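In the text below, chain A, chain B and the rest are named by the order of the sequence lines, each starting its count at 1. Being a predicted model, the structure only gives us computed values, none of them experimental.
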Amino acid sequence: MSRVEGARKMIEITGLNKWFGPFHVLKDVNLTVRDREIYVVCGPSGSGKSTLIRCINQLEYHQEGDIVVDGVEVEKGGKNQSLIRRNIGMLFQSFNLFPHLTVLENCTLTPMLGLQTPRKEAEETAMRHLERVGIADQARKYPLQLSGGQQQRVAIARALCTRPKIMLFDEPTSALDPEMIKEVLDVMVELAEDGMTMICVTHEMGFARQVADKVVFMDGGEIVESDTPKAFFSNPRYDRTQAFLSHIL
Amino acid sequence: MTVVFEPKPSRPAPSTVVGPAAWLRQNLFKDIPNTLMTILGLYIAVTVVGWVLNWAVFNAVWEAENRRACLDAVGRSGACWPGVAEWLPNMIYGLYPKDQVWRINLGFLALIVWMVPLWLGGVKSKVAIGLSAVMLYPFLASYFFLGGDKGLVWSALIALGLSGLVWAWATALCERATGLSVGEWLGLKVAGATDDLKQKRVRQGAMAALFLAGLGLVSLWSLPEVRTQYWGGLFLTLVISGIGITFSLPAGILLALGRRSKMPVISMLSTLFIELFRSVPLITILFMFNTMLPLFLPEGSSVNQLVRAIVAVCLFAAAYMAEVIRGGLQAIPKGQYEAAASLGLGYWQTTTQVVMPQALKIMIPTIVGNFIGLFKDTTLVSIIGLFDLMNMARAVGEDSDWLGLFIEPFFVVSLIYFAFCFAMSSYSMGLERKLSAGRDR
Ligand SMILES: Nc1ncnc2c1ncn2[C@@H]1O[C@H](COP(=O)(O)OP(=O)(O)OP(=O)(O)O)[C@@H](O)[C@H]1O
Ligand SMILES: [Mg+2]
């Protein structure tokens with residue numbers, strides 16, 4: 001039995017279809033993520049993993065199907081995107097910190113600007129999150145003065161400052177050296193243990209084994225297989241999954 | 001058993017690669033062609049500088065009644081400076097009445113005074129002070145330069161300029177001395193308030209009081225009108241290019257954003273405007289505005305010639321600036337927009353806080369280059385009969401006493417243009433260095 005059985009549905013995707021021009025990227029995708037649940041999404045390059053999670057916070061618009069985030073239906077064409085995005089934090093492969101702002105300013109920008117938090121309060125919150133990811137002593141530096149792993153941890157702190165209920169990760173460690181991958185994964189594990197709802201696109205199978213509730217395998221825009229890590233790694237049902245696993249394990 | 005790895009200590013580099021002697025050998029006398037080029041370059045430089053010095057200083061005539069006297073004394077081997085000296089006030093102030101010239105001097109002094117806090121250490125609100133100068137100073141300057149009857153609206157604007165200047169300095173001094181903004185300091189000292197809301201009230205109150213004081217002062221203050229027909233020389237050049245520069249940046253930003261807009265109508269209109277003004281020479285635009293604008297206006301109303309020239313220059317400059325800014329916007333990676341969007345920032349928040357600061361920073365050299373180009377392009381207004389610095393210089397040689405004296409005034413004009421343009425470009429280099437310090441690896 002899953003540890004989140006019966007919990008609130010945070011993300012519910014039904015019959016999702018998306019096209020880039022004539023190219024059918026996502027085909028009839030169904031996915032339900034409950035509160036505090038951790039999903040790991042893997043699959044070959046070009047299988048539509050990024051597109052799937054980018055549809056959730058409307059960085060890409062979908063054409064068919066329904067996406068419901070924490071009870072709110074995502075309208076097609078991004079009409080209520082700001083409402084949707086407020087509850088979702090997102091991490092990118094290339095960190096995407098704002099290079100002209102200090103680490104601290106990166107973290108306080110949205111709370112102060114978008115959420116009208118007073119500066120002092122925003123800075124205190126930011127410092128708390130920076131401390132949590134272990135970067136508090138670098139708060140006055142500029143992002144480009146930090147290592148890749150440190151930058152990605154700052155990005156996590158920055159996302160947390162907007163108090164998201166859901167976090168989306170798009171290959172957060174694949175631009176990093178092995179020594180730095182661990183420091184970022186450690187933070188993600190801690191987040192997971194604190195009860196964040198997460199969807200992680202990653203090929204870090206150790207991470208999947210450790211914290212994931214479900215591992216999802218995508219190919220050609222479809223969800224091929226979705227199972228608990230134990231079942232997924234020990235006896236995958238589809239040959240495609242087996243082939244993929246034999247490549248990366 | 002494990003062995004502890006010990007890195008080797010670094011040694012200083014050998015003297016063959018560092019120090020002045022090594023630099024000379026590597027850069028100036030590396031091999032035979034390199035040495036020859038060095039010698040040739042030095043020879044040319046010395047000769048040219050020698051010629052110029054001989055002409056402009058050693059052989060020059062410093063006192064004479066008219067050009068004939070100069071020619072009799074040294075012929076063409078030396079410069080004839082008295083003519084330039086006699087005309088210099090005109091080259092700088094145009095035909096502005098002599099007893100009113102102090103207004104121009106004071107007006108430009110006010111701008112410098114306004115800008116001084118930007119160079120002071122310990123001032124935090126430099127951006128705000130710079131912006132206030134750009135947006136409010138023109139109102140103050142307009143009255144200094146133009147004078148005459150001021151209605152209620154103009155009085156209010158002038159007062160805004162005056163109080164802006166005072167506020168800028170108050171901010172600078174307060175921040176330097178206490179590290180607090182004026183609002184915070186006043187709030188603390190006067191009202192003992194520590195929370196944001198009360199401090200905001202105190203700040204607004206202080207600003208309003210300052211404005212009213214300014215308004216009172218302005219109503220007591222009256223300057224005789226100097227019509228724009230009398231404006232000329234360097235003064236006119238600075239007015240036209242100053243307005244052009246100040247207008248072109250914000251207008252260029254809006255046009256560039258418009259051109260990239262997802263709304264087809266806005267993007268089409270912006271593109272049309274930009275392409276239209278970019279594909280016509282400035283001279284043509286000046287001519288068109290000068291001759292055609294009056295035709296479109298209702299009978300009886302007339303637009304000052306200077307205003308026509310300024311409008312033409314502004315529109316032209318805005319179109320060019322728009323393309324520069326668009327270049328900067330295109331250099332911003334898509335990830336920056338996506339990060340801002342995923343944090344929930346809206347269009348204007350993303351534009352003003354995330355995208356524009358970065359785009360403007362990359363584009364500083366090009367933007368300043370454009371400013372310099374615009375500054376020099378204003379010489380074209382002489383075509384429609386305005387006596388800017390360049391046209392005034394030509395007038396020297398048409399004076400009956402100094403008939404044919406062209407080289408000397410143009411030499412001086414070149415020096416003046418060089419001084420201004422060089423100052424702008426050095427400032428931009430300094431700004432670039434300061435902004436990138438510590439931010440790039
Ligand atoms: N903006 C776009 N326009 C057109 N096609 C796109 C666009 N973005 C992605 N695609 C295509 O959609 C497909 C899925 O892309 P997506 O980025 O979702 O794959 P992915 O599974 O994340 O791959 P990777 O592991 O390389 O990140 C790819 O074939 C890609 O070429
Ligand atoms: Mg991807």
Side-chain angles (χ1 to χ4, degrees), chain A residues 50 53-54 56-60 78 81-102 105-121 140-147 151 155 158-164 166-168 170 175, chain B residues 124-128 179-181 183-184 187-188 193-200 203 262-263 328-329 331-364 431-441:
Chain A
S50 301
I53 62 168
R54 288 159 60 88
I56 297 173
N57 71 348
Q58 293 287 283
L59 288 181
E60 303 285 359
Q81 60 188 22
S82 51
L83 186 71
I84 300 295
R85 284 171 185 162
R86 215 166 289 158
N87 288 328
I88 304 179
M90 179 146 181
L91 268 286
F92 302 87
Q93 180 176 349
S94 49
F95 329 134
N96 295 347
L97 294 174
F98 304 134
H100 62 298
L101 300 176
T102 62
E105 287 164 347
N106 261 280
C107 295
T108 55
L109 182 69
T110 320
M112 282 173 57
L113 214 67
L115 312 172
Q116 312 278 319
T117 318
R119 171 186 293 275
K120 216 165 131 225
E121 196 187 319
R140 304 276 164 199
K141 284 195 183 170
Y142 287 93
L144 294 180
Q145 295 169 315
L146 304 182
S147 74
Q151 288 187 53
R158 177 176 73 174
L160 290 176
C161 283
T162 62
R163 281 188 238 119
I166 302 161
M167 292 275 272
L168 307 174
D170 192 356
Chain B
K124 277 185 290 181
S125 332
K126 285 190 177 168
V127 176
L180 300 173
S181 76
E184 285 170 346
L188 230 67
T194 46
D195 65 307
D196 286 0
L197 201 70
K198 264 194 206 146
Q199 286 180 352
K200 200 167 151 192
R203 192 183 65 219
K262 289 208 182 77
M263 288 177 266
L329 289 175
I332 306 300
K334 204 163 141 243
Q336 293 287 309
Y337 292 93
E338 291 181 347
S342 71
L343 286 167
L345 295 179
Y347 174 81
W348 286 108
Q349 291 169 336
T350 307
T351 302
T352 57
Q353 304 294 319
V354 176
V355 180
M356 231 5 121
Q358 297 185 55
L360 291 181
K361 194 184 121 190
I362 335 175
M363 281 300 165
I364 287 175
L431 201 61
E432 236 179 290
R433 223 171 300 128
K434 211 167 85 191
L435 286 179
S436 64
R439 302 199 182 184
D440 302 323
R441 254 208 285 209

* Supply the atom-to-atom distance Q336(B) CD to H100(A) NE2, rounded to the nearest 0.5 angstrom. => 7.5 Å
* To do: Output the option from L91(A), L109(A), I84(A) having the highest count of non-hydrogen pairs under 4.5 Å with chain B.
  => L109(A)
* Output the distance between atom OG1 (T352(B)) and atom CG (L113(A)), rounded to the nearest 0.5 Å. => 6.5 Å
* Contact origin within L168(A) toward chain B - heavy atom pairs under 4.5 Å -> neither
* To do: Mind ranking P333(B), G344(B), A341(B) by heavy-atom pairs under 4.5 Å with chain A and telling me who comes out on top?
  => A341(B)
* Asked: Which atoms of T162(A) come close to chain B, meaning under 4.5 Å heavy atom to heavy atom: side chain ones, backbone ones, both, or neither?
  -> side chain
* Asked: What part of R158(A) gets closer than 4.5 Å to chain B, counting heavy atoms only: side chain, backbone, both or neither?
  -> both
* **Distance in Å, N96(A) CG paired with S342(B) OG, rounded so as to fall on 0.5 Å steps** => 8.0 Å
* Got a second to check how far I332(B)'s CD1 is from F98(A)'s CZ, nearest 0.5 Å? -> 11.5 Å
